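Counting starts at 1 for both ligands and their atoms, following the listed order. Please read all numbers here as calculations on a predicted model, not as lab measurements.
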Amino acid sequence: MINTTTLSRRHFLQLTAAGLLSFRPKLNAAEINTVLGRIPIREMGSTLVHEHFLVDFIGADAIQESRWNKDKVVQKVLPYLQALSPFGVKTVFDCTPAFLGRDVKLLVQLTKQSGLNIVTNTGYYGAVQNKYLPAWAHTETAEQLASRWKQEFEQGIDGTTVKPGFIKISVDGPHLSPLHQKLVRAAALTHLQTGLTICSHTGSAIPAFEQLDILQQMKVSPRAFVWTHAQVEKDISLHSKAAKKGAWISLDGIGWGEAEWYAETIAQLKKEGWLKNILLSHDAGWYKPGETNGGDFTGYNNLFTTLLPLLQKKGFTKRDMNQLLVTNPAQAFGIGIRKI
Ligand SMILES: [Zn+2]
């Protein structure tokens, strides 16, 4: 599945990667939690903010770690992580939440063997008719859910010392259900107590703005909110509107094609002054327990082999690329409470 590139293109990309590494953006003193501990955000380097290593769609009532063998998963995923080194990538966020296959011991194995910083999450995934929510998510209050997530931030996940680097929630459209409104309130409360950024699997604009309204009621700044899967919304004026409020716009499905649409959208948002709000990633991967050798796997390279060259053709500079892949991820995810 790893793209074969021509020598000249590879050479060009290596130059791009070298450029990414040599540029030192000015960043504040904030930090982020990787699965091996805290690092300053200036050490994140070129970052993919939304990828997956393993996802198990069996459902919250049946999921258990015995459904996969960590060594076999590492064997499958590691070459795809190693393939990122020519592109200068230093940090990858694993966006698989609890009850969908989050396995922090697996992430520790992958970070040690790949040399990449890996970042994991806390929070619950409400989309797909709540199939991935544990029973207590239906009955507990937002405060009780937030206290579970805060506990992972303070003490570690699943009996380990691994701490989350962001909050990952997920909602269904077209409008937020009361249950999903509660997940957003729980994420807001967790943000106010931990300073972790909220990534919400959202898609179209209506639920994105409904979530921003809830955050506003709770005095949480839009700068603490990542509109995840914003590429599902095709009306770019709505991306601009959310960016104007301060929200992060995550165009994170580059693993699945439509590179020209991404390039045009990013160029349009740049023209309107919102390059500083855009996050890019593939949403690619992933090992699927229950399938032979984890099934098909999509690598994490389209962004570098297809999208960046398209952006270069549109006149994007080295500084723009750094903004997208180095500065924005660091500014979006540095731990810090952001109130209105
Ligand atoms: Zn995802």
What class does the angle between the rings of Tyr124 and Phe99 fall in, given that below 30° is parallel, 30 to 60° is tilted and above 60° is perpendicular? perpendicular
Indicate whether any N or O donor in one side chain lies under 3.5 Å from an N or O acceptor in the other, for His180 and Asn130. yes
task = For atom NZ of Lys219, decide whether the heavy atoms of other residues, nucleotides or ligands shown that lie under 6.0 angstrom number more than 12.
result = no
message = Check this for me: does any side-chain nitrogen of one of Lys70 and Glu65 sit under 4.0 Å from a carboxylate oxygen of the other?
response = yes
Is there an N/O/S atom in His229 at a distance below 2.8 Å from the Zn ion (ligand 1)? no
Here the N/O/S atom of His52 closest to the Zn ion (ligand 1) would be NE2
The atom of Asp283 among N, O or S that is nearest the Zn ion (ligand 1) is OD1
**Request:** Report yes or no: does His201 have an N/O/S atom closer than 2.8 Å to the Zn ion (ligand 1)?
**Result:** no
